[in-house]
Amino acid sequence: MSSNLLDKGYEPHEVEKRWYSFWEEEGLFAASENGSQNSYSIVIPPPNVTGVLHMGHALNNTMQDILCRYKRLRGDNVLWMPGTDHAGIATQNVVEKHLAGQGTDRHQLGREKFIEAVWEWRKEYGSAIINQLKHLGASCDWDRERFTMDEGLSTAVRKVFVQLYEEGLIYRGNYIINWCHRCHTALADLEVEHEEIDGNLYYIRYPYADGKDGVIVATTRPETMLGDTAVAVNPDDERYRQTGKESVILPLMNRQLPVIKDKYVDMSFGTGALKITPAHDPNDFEIGIRHDLPSIKVIGDDGMMTAEAGKFKGLDRFKCREEVVKELEKEGLLEKIEPYKHSVGHCYRCKTVVEPNLSKQWFVSAKPLAAKAIAAVKDGRTRIIPAIWENTYFDWMNNIRDWCISRQIWWGHQIPAWTCEECGEIVVALNTPEKCSACGGKKLIQETDVLDTWFSSALWPFSTMGWPDKTPLLKKFYPTDVLGPGFDILFFWVARMMMMGIHFMGDVPFKDVYVHALVRDEKGKKMSKSKGNVIDPLTIIEKYGTDAFRFTLAAFAAQGRDIKMSEKRVEGYRHFVNKLWNAARFALMHIDNSYDSIEGHNLSLPDKWILSRLNKAAINASEAIESYRFNDAAGALYKFVWHEFCDWYLEAIKPVLYGKEGEDKRKRTLSVLWRVLHDTLILLHPFIPFVTEEIWNKLPGTEGSIMRAIFPPDNSDFAKTVRDLEAEAKMGLVMQVITGIRNIRGEMNISPSMSLDVSIQSDDGIIRETINQHKDIIVNLAGLEVLSVESSGKKPERVATSVIEGATIFVSLEGIIDFDRETQRLEKEINKLTNELAPVLKKLKNENFLGKAPEDVVKKVKDKKMQLLEKQQKLQSNLDRIKALNPVQGSS
RNA sequence: GGGCGGGUAGCUCAGUUGGGAGAGCAUCGGCCUUACAAGCCGAGGGUCACAGGUUCAAGCCCUGUUCCGCCUACCA
């Protein structure tokens with residue numbers, strides 16, 4: 001089953017498996033802690049340990065792998081740090097489901113046993129995503145793989161928590177937070193997804209204390225009224241000035257509520273009166289503090305109504321809403337119900353509607369940290385690419401609110417804080433304290449909450465390298481060179497790494513942030529399980545091979561634009577991989593051991609040309625990769641390989657390879673062919689690592705893995721590589737002649753098997769000489785019997801004509817005459833030229849253009865005019881002659 | 001409500017200081033030419049969303065309109 005040079009098509013699977021193991025075994029992904037080369041580092045955005053590889057991972061890690069492999073080939077000492085995230089809530093959910101399948105739950109197990117169960121689960125399933133990354137070809141330094149819950153990283157987490165607490169940047173307090181009843185935990189603002197839904201706006205009448213009419217308030221959540229402790233109006237609102245309007249009766253609960261005055265209330269909305277529920281609404285909470293109102297928590301942490309809800313106690317919050325509405329209706333206090341679109345928060349993990357809830361939580365004071373993170377981007381220590389994301393970053397950072405970091409779940413880093421049972425003192429420490437630091441009491445109870453998962457991932461760039469120890473790794477590889485996140489985690493992760501990195505390391509965590517786009521389905525819709533439009537990268541890899549898939553991702557990764565993925569596209573790039581395979585197959589049929597250095601040899605025109613184009617492709621590709629324009633890099637290489645190397649060079653050298661021009665020339669050409677294939681493989685390797693390695697190993701004169709190659713060999717700047725512009729111009733002429741002849745053949749429907757007689761006329765001696773010198777190439781590629789070159793003179797008869805710059809090509813139609821067709825063809829050409837000429841002539845008649853445009857632009861346009869006119873005139877005179885020869889032939 | 005991105009060939013998209021509208025796929029015509037039919041050679045196809053403006057010159061810069069998508073937000 002091994003891929004053999006005799007195989008006509010490339011079979012990726014066996015090749016991929018074989019080479020990936022080889023790379024790992026040879027330690028080719030390993031970074032050196034004491035290498036003297038330039039170091040380059042990337043930390044992987046750690047996928048959730050519960051994750052399966054999706055398109056986002058695939059894109060993201062392909063880009064990183066391209067960068068890492070590219071840098072290695074340039075001679076750098078590369079560290080790509082891999083690992084996974086413990087993903088607190090997500091993992092706990094998964095394991096809970098797992099347990100449910102076994103007929104138990106975490107409460108039956110208890111905390112300690114449950115955490116054991118999670119570790120067990122991780123041992124069994126946790127490396128799935130890692131294996132999938134390997135299928136993708138990711139060249140991570142796997143020996144250094146980390147996990148956000150491993151011992152070292154946990155130490156880092158505690159160290160950071162303690163220091164921030166001591167610096168006063170972590171505090172604990174009673175605030176309104178977002179509460180998910182299903183996950184039974186607080187959520188940070190970021191973890192709430194807002195979604196517009198069709199709801200109702202309920203207008204409820206709160207009678208005045210004296211029993212008269214009353215105030216009408218509006219709410220989308222009537223059940224929260226049970227916890228109201230005031231009604232607020234704007235102090236400027238005339239409607240609520242009279243006496244007797246100082247307080248109202250809360251329906252259903254029969255509590256008396258004060259009518260307070262607060263500028264927050266918008267007089268123009270509804271009746272200008274706002275019910276205040278400090279325990280279940282963030283604004284109401286603020287107002288409550290201002291007016292010293294009590295908070296009554298009527299919705300419990302389980303989503304059921306509390307005892308404070310009176311007779312509604314124990315009802316589910318949504319059921320309670322129905323009941324409250326029913327009751328109000330019965331009492332005639334429900335004025336009206338209006339359909340109302342509003343955005344409702346959902347838990348980003350389980351999509352449950354979250355409830356603003358009053359609760360005691362831990363917070364990171366974000367403003368001081370954010371200030372430094374803003375500055376670092378402003379002064380360019382960290383670049384965000386594409387720059388369009390900078391504004392988004394600044395916006396968020398400037399409006400940052402304190403970060404709620406405590407979670408009421410079990411799986412995660414337990415907060416290193418202890419409460420003294422005797423004096424109530426809170427002790428925060430790296431390790432379990434022996435006694436209370438205030439009273440010396442020995443009964444210390446550890447905080448049961450764990451930290452937000454993002455708290456540990458915020459430390460990822462330095463915690464993975466051994467911090468808080470001063471390791472050689474940190475010294476060599478921090479700050480990292482680039483980070484490659486999706487924009488969806490710009491705030492969750494990138495912003496927080498910036499804050500933590502700068503605060504604890506004194507330097508930014510990465511120099512560049514390359515924010516990649518979203519991979520969508522072929523219709524541009526976001527992929528999601530519920531829509532059923534998810535394309536599984538592993539299926540794609542299975543079907544088309546990793547290389548084809550990677551190249552597709554790269555080819556479509558235009559900055560700032562989402563990628564629409566479809567199988568058809570991958571199929572297209574599989575053709576490219578196959579094309580390379582076959583080109584190599586062809587080359588290797590001839591190369592055997594006949595290659596040599598190309599230095600000092602007298603090379604043919606196609607040889608010089610292809611080497612120059614190779615240099616151009618190398619420059620384009622490397623510049624594009626360095627500036628994260630992966631699509632440009634892929635495009636440049638694609639075009640070079642297919643349309644220059646295969647379509648022209650390989651075709652041009654065939655007669656030489658088949659020995660028609662002697663052994664010396666054959667050997668020289670083989671040496672060039674070897675060189676071009678050799679370098680092309682290296683250039684392509686970052687994109688399509690497997691097939692290039694496979695071919696590399698079949699190429700004589702290479703030793704070991706392509707991953708050990710360095711290119712350019714002297715590690716110099718690509719831009720310094722020399723191009724041979726003269727060869728490019730000459731070959732360009734030859735190609736134009738060939739295309740001109742082929743065009744006639746195609747248009748006139750002349751069979752490719754029919755050899756043609758062609759004569760070319762030119763006044764330009766250099767053109768004549770060039771064509772004469774490379775006659776053999778033209779004869780070969782255009783399928784000619786005879787090619788003659790002369791200076792302009794008598795025009796041949798019975799010919800089809802094609803005009804290129806400086807020369808006219810005549811294809812003899814003797815014996816294959818179809819003058820009708822040629823007449824039509826020439827008329828069409830002439831017509832086209834007239835259209836092209838129109839704007840040019842118009843410009844040159846414009847005095848303003850001639851006067852104001854720069855000289856070189858004017859000259860360009862004038863040249864263009866001359867060129868078009870000349871071409872048109874030549875075609876016209878040939879058309880005239882054909883018509884004169886065949887007067888009876890009209891246009892059919 | 002605020003902000004951002006996009007509208008270029010039938011489809012998917014490039015188009016980097018304003019100066020000749022491009023690619024891939026699809027379509028049409030011709031080829032089994034000894035690396036590749038997953039291929040080769042050739043052809044057709046666009047009022048650059050709409051309307052103004054700046055400029056000698058606009059796909060590109062400015063203003064407005066419209067459609068699509070996304071992010072963000074504590075108007076009940």
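Chain letters run A, B, ... following the sequence lines, proteins first, then strands; residues in each count from 1. Just so you know, these numbers use all the heavy atoms, side chains as well, and skip hydrogens, waters and symmetry mates.
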Can you tell which of rU33(B), rU72(B), rC74(B) lies closest to the side chain of Phe491(A)? rU72(B)

Between Glu829(A) and Arg825(A), does at least one N-O distance fall below 4.0 Å, as a salt bridge requires? no

Which part of the nucleic acid, if any, lies within contact of Asn631(A), taking any heavy atom under 4.0 Å across all strands shown: a base, the sugar-phosphate backbone alone, or nothing? nothing

So, do Phe687(A) and Phe576(A) have ring centers that fall under 6.0 Å from each other? no

Taking any heavy-atom pair under 4.0 Å as a contact, classify Glu651(A): base, sugar-phosphate, or nothing. base

With a 4.0 Å limit, can you tell me whether Asn743(A) has a side-chain N or O closer than that to the phosphate oxygens OP1/OP2 of rA43(B)? yes

Protein-nucleotide distance (Asn283(A), atom CG; rA73(B), atom C1'), rounded to Å: 11 Å

Set out, line by line, the N/O atom pairs under 3.5 Å between protein and nucleotides 54-56 of chain B.
unit_1, atom_1, unit_2, atom_2, d
rC56(B), OP1, Lys852(A), NZ, 2.5
rC56(B), O2', Asn846(A), ND2, 3.0

Given 3.5 Å as the limit, does a donor-acceptor pair link the side chain of Thr669(A) with the main chain of Val656(A), or not? no

Can you tell me how far C1' of rC75(B) sits from CD of Glu286(A), to the nearest Å? 15 Å

Test: salt bridge (charged side-chain N to carboxylate O under 4.0 Å, His left out). Region: residues 570-579 of chain A. Which pairs qualify, not counting sequence neighbours? none

Taking side chain to side chain donor-acceptor pair (under 3.5 Å) as the definition, give me every residue that meets it alongside Tyr393(A), ordered by chain and number, with sequence neighbours left out. none

Looking only at the side chain of Glu747(A) (C-beta and beyond, no hydrogens), which of the listed nucleotides rG42(B), rA35(B), rA73(B) gets closest? rG42(B)

Runs of at least three Watson-Crick or G-U pairs with RNA chain B, cut-off 3.5 Å: B:1-7 with B:66-72, B:10-13 with B:22-25, B:27-31 with B:39-43, B:49-53 with B:61-65

Ignoring backbone atoms, establish whether Tyr393(A) has a side-chain N or O less than 4.0 Å from OP1 or OP2 of rC4(B). no

Whether each nucleotide of nucleotides 20-27 of chain B has a protein heavy atom under 4.0 Å at its base (B), only at its sugar-phosphate (S) or at neither (-) is summarised, 5' to 3', as B---S---

Could you list all the side-chain hydrogen bond (donor to acceptor under 3.5 Å, both in side chains) pairs where at least one residue sits in residues 641-658 of chain A, not counting sequence neighbours? Asp607(A)-Tyr649(A), Arg613(A)-Glu644(A), His643(A)-Asp647(A), Glu651(A)-Lys654(A)

Any salt bridge (charged side-chain N to carboxylate O under 4.0 Å, His left out) involving residues 845-857 of chain A? Give me the pairs, sequence neighbours left out, ordered by first then second residue. none

Could you pull out all residues at least two apart from Thr224(A) that satisfy side chain to side chain donor-acceptor pair (under 3.5 Å)? Lys275(A)

Mind checking the P distance from rG44(B) to rC62(B)? Whole angstroms is fine. 36 Å

Across the strands shown, which category fits Lys832(A) at heavy-atom distances under 4.0 angstrom: base, sugar-phosphate, nothing? sugar-phosphate

Please table the atom pairs, donor to acceptor, closer than 3.5 Å between any side-chain atom in residues 625-632 of chain A and protein atoms at least two apart or in another chain.
unit_1, atom_1, unit_2, atom_2, d
Glu626(A), OE1, Lys71(A), NZ, 3.3
Glu626(A), OE2, Tyr70(A), OH, 3.0
Ser627(A), OG, Glu623(A), O, 2.8
Ser627(A), OG, Ala624(A), O, 3.4
Ser627(A), OG, Arg629(A), NE, 3.3
Ser627(A), OG, Arg629(A), NH2, 3.3
Tyr628(A), OH, Asp512(A), OD2, 2.7
Arg629(A), NH1, Asp632(A), OD2, 2.6

So which atom in His280(A) and which in Ile176(A) form the shortest heavy-atom distance, rounded to 0.1 Å? N-CD1, 3.9 Å

Please confirm whether the backbone N or O of Met267(A) pairs with a side-chain atom of Asp237(A), one donor and one acceptor, at under 3.5 Å? no

Under 4.0 angstrom, heavy atoms only, what part of the nucleic acid is Ile388(A) near: base, sugar-phosphate, or nothing? sugar-phosphate

RNA chain B: Val192(A) or Asp266(A), which has the more 5' nearest nucleotide? Val192(A)

Residues forming a ring pair (Phe, Tyr, Trp, His ring centres under 6.0 Å) with Tyr203(A), sequence neighbours excluded: none

Using a 4.0 Å heavy-atom cut-off, does Val265(A) contact any base of the nucleic acid, only the sugar-phosphate backbone, or nothing at all? base

Using a heavy-atom cut-off of under 4.0 Å over every strand shown, decide if Tyr340(A) touches base, sugar-phosphate, or nothing. sugar-phosphate

What is the distance from CZ of Arg290(A) to C1' of rC74(B), rounded to the nearest Å? 11 Å

Proximal nucleotide (of rA14(B), rG29(B), rU34(B)) relative to the Asn749(A) side chain: rG29(B)

Is the Phe645(A) ring parallel, tilted or perpendicular to the Phe640(A) ring (thresholds 30°, 60°)? parallel

If you compare every side-chain N and O of Arg825(A) against the phosphate oxygens of rA43(B) (OP1, OP2), does one of them come in below 4.0 Å? no

Just to be sure I understand the rule, does Asn578(A) reach a base, reach only the sugar-phosphate, or reach nothing, if contact means heavy atoms closer than 4.0 Å? base

Assuming nearest nucleotide by heavy-atom distance, tell me which of Leu190(A) and Gly272(A) is located more 5' along RNA chain B. Leu190(A)

Could you list all N or O pairs between the protein and nucleotides 8-11 of chain B that sit under 3.5 Å apart?
none

Could you pull out all residues at least two apart from Pro839(A) that satisfy side-chain contact (heavy atoms from CB on, under 4.5 Å)? none

Kindly say whether the aromatic ring centers of Tyr573(A) and Tyr544(A) come within a distance under 6.0 Å. no

Euclidean distance, atom CG of residue Leu588(A) to atom C1' of rA35(B) [Å, nearest integer]: 10 Å

Which part of the nucleic acid does Tyr264(A) contact within heavy-atom distance under 4.0 Å: base, sugar-phosphate only, or nothing? base

Students often get this wrong, so: under 4.0 angstrom with heavy atoms, is Thr739(A) touching a base, only sugar-phosphate, or nothing? sugar-phosphate

